[in-house]
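Below is one structure, written out as structure tokens; the observations come after it.
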Amino acid sequence: MTPRRAIPALLVALAAALVLAPVASAGLLTPEHGGSSNADDINWLYTVTLIVAAIVFLGVEGVLLYSVFKFKARRGAVPAQIRGNTRLEIGWTVGAAVILVILATLTFIKLDDIRNPPDSSATGLQLADSSRRLPPNGKSLNICVNGQQYIWRYTYSADCGDSAKNLGAPFSYEEMVVPVDTTVTLDIKAQDVAHSWWIPELGGKFDAIPGYTNHTWFKIPAKFGAKPGGTIFYGQCAELCGRNHANMIAEVRAVSVAEYQQWLAQRKTDIQDAETKGAAQRKQLESGSTTP
């Protein structure tokens, strides 16, 4: 194939790859989404910016390649001495400014929905009011996320700053269980070194820093809790936190409201039984008896 035919074919192939790649491999060029509305908004902004950037890239590279091959130097030829083109310079300056203004406007429009959680749906778990910065009605399921080398601990408590209240609160490791259609807020912190909480399909990542509490939220649609056992969303610590960083995985399992309440009640029972057995063993050791 001659260079004259190869260049248009290459441009067409590049354009097709940019257009079709997100469809063929969703999540590769754009953020994972679909599990929560804030993740969907992040993906929408990213996709719009990617399309605009692709159009600009193809336009600039197309003009560049056309100019290189159309006006390439020939033996004995003297290139034209071209000075500044005022109209062209004003045009691309204004054009770039307009693109930036449009992208900034779209970002600020979506930013409010990404940052601020909505109310739980009517079919979601209905919770008591909270005094923290939460949805408009002040009600959410709050979970304390604590990063530890090398595992995530989840404490189901509205007050993550009061360790005394959290002593009796149900907890779990690695897997967080939540009800669908319910606004879930997270208080994120670390016990030892810096970690980063990130479930890509549920929204952006947030650092877990010792001595500092970060906040985020998600709300999983009801369709993910329809099947028995729910739907699991996977993630991993996004901060290099030590030699076993790769093993610090995270899971969020979305279930129906009834299944969540059943799981939470069973979790409380299991923890109470374990504490009772532990207390009995301590008493037995302190008494010096070997009888079980």
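Through chains of ILVMFWY side-chain contacts below 4.5 Å, Ile209 is grouped with Tyr212. The hydrophobic cluster containing Tyr173, built from Ile/Leu/Val/Met/Phe/Trp/Tyr side-chain heavy atoms closer than 4.5 Å, also comprises Ile151, Phe171, Ile271. Taking Ile, Leu, Val, Met, Phe, Trp and Tyr as hydrophobic and joining them when side-chain heavy atoms fall under 4.5 Å apart, one finds Val56 in a cluster with Ile42, Trp44, Leu45, Val48, Val52, Val60, Ile90, Val94, Val98, Ile99, Ile102, Leu103, Leu106, Ile114.
Judged by distance alone, with hydrogens and angles left aside, the side-chain atoms of Asn214 form no donor-acceptor pair with the main-chain N or O of Ala208 at under 3.5 Å. Judged by distance alone, with hydrogens and angles left aside, the side-chain atoms of Ser36 form a donor-acceptor pair with the main-chain N or O of Lys219 at under 3.5 Å. Between the side chain of Thr269 and the backbone N or O of Ala265, at least one donor-acceptor pair lies under 3.5 Å. The main-chain N or O of Thr47 is never found under 3.5 Å from a side-chain atom of Thr49 such that the two would form a donor-acceptor pair. Looking only at distances, a side-chain donor or acceptor of Thr183 sits under 3.5 Å from a matching main-chain atom of Ser120.
Here salt bridge (charged side-chain N to carboxylate O under 4.0 Å, His left out) pairs that include residues 91-111, with residues two or more places apart or in two chains, are Asp41-Lys110.
Side chains of Ser37 and Asp113 form no contact here, defined as non-hydrogen atoms less than 4.5 Å apart. Inter-residue side-chain proximity for Val145 and Asp187 is flagged as unmet; no heavy-atom pair is nearer than 4.5 Å. Put simply, the side chain of Pro210 does not reach to within 4.5 Å of the side chain of Asp192, judged on heavy atoms. Using a 4.5 Å heavy-atom threshold, the side chains of His195 and Gln149 count as touching. By the 4.5 Å heavy-atom criterion applied to side chains, Tyr234 and Ile249 are not counted as neighbours. Residues Trp217 and Pro118 are in side-chain contact: their nearest non-hydrogen atoms beyond the backbone lie under 4.5 Å apart. A heavy-atom distance below 4.5 Å is not found between the side chains of Trp152 and Asn146.
Partners of Ala39 according to the side chain to side chain contact (heavy atoms under 4.5 Å, CB included) rule, which considers only residues two or more places apart in sequence or in another chain, are His33. Partners of Tyr150 under the side chain to side chain contact (heavy atoms under 4.5 Å, CB included) rule, at least two apart in sequence or in another chain, are Cys241, Arg243, Asn244, Met248. For Asp207, there are no salt bridge (Lys or Arg N to Asp or Glu O under 4.0 Å) partners two or more places apart in sequence or in a different chain. With sequence neighbours left out, Tyr154 forms a ring-ring contact (aromatic ring centres under 6.0 Å, His included) with Trp197. Taking the ring-ring contact (aromatic ring centres under 6.0 Å, His included) definition, one finds that Phe233 meets it with Phe224, sequence neighbours left out. Every residue meeting the salt bridge (Lys or Arg N to Asp or Glu O under 4.0 Å) condition with Glu175, not counting sequence neighbours, appears here in chain and number order: Arg253. Scored by the ring-ring contact (aromatic ring centres under 6.0 Å, His included) test, Phe206 finds no partners at all (sequence neighbours excluded). Residues that satisfy the salt bridge (Lys or Arg N to Asp or Glu O under 4.0 Å) test with Lys205, not counting sequence neighbours, are absent from this structure.
Taken to the nearest 0.5 Å, the CD1 atom of Ile51 stands 10.0 Å off from the OG1 atom of Thr30. The distance from atom CG of Leu264 to atom NZ of Lys268, rounded to the nearest 0.5 Å, is 4.5 Å. Rounded to the nearest 0.5 angstrom, Glu286 CD and Gln284 CD are separated by 11.0 Å. Arg282 contributes atom CZ, which lies 8.5 Å from atom CD of Glu275 (distance to the nearest 0.5 angstrom). Taken to the nearest 0.5 Å, the OG1 atom of Thr231 stands 9.5 Å off from the CD atom of Glu201. With rounding to the nearest 0.5 angstrom, the CG atom of Asp40 is 12.0 Å from the CD atom of Glu32.
When all heavy atoms of Val257 and Gly124 are compared, the pair lying nearest together is CG2-C, 3.7 Å. Between Pro179 and Leu141, the shortest heavy-atom distance links the atoms CD-CD2, 3.4 Å. Closest approach of Met176 and Ser172 over heavy atoms only: CA-OG, 4.4 Å. Nearest heavy atoms, Thr93 versus Glu89: OG1-O, 2.7 Å. When all heavy atoms of Cys144 and Ser157 are compared, the closest pair comes out as SG-O, 3.8 Å. Lys189 and Cys160 make their closest contact through NZ-O, 3.4 Å (heavy atoms, listed as atom of the first residue, atom of the second, distance).
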(request) Apply ring-ring contact (aromatic ring centres under 6.0 Å, His included) to the pair Tyr156 and Trp263, showing each step before the final yes or no. (result) CA-CA 12 Å; Tyr156 299 76; Trp263 173 86; 5.3 Å; yes

(request) Begin from the C-alpha positions of Ile220 and Leu202 and carry the test side chain to side chain contact (heavy atoms under 4.5 Å, CB included) through to its verdict. (result) CA-CA 8 Å; Ile220 300 175; Leu202 301 181; 3.8 Å; yes

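The one candidate from Leu186, Val252, Ile188 that meets the side chain to side chain contact (heavy atoms under 4.5 Å, CB included) condition with Ile143 is Leu186.
Counting heavy-atom neighbours within 6.0 Å of Glu174 CD, excluding the residue itself, gives a total above 12.
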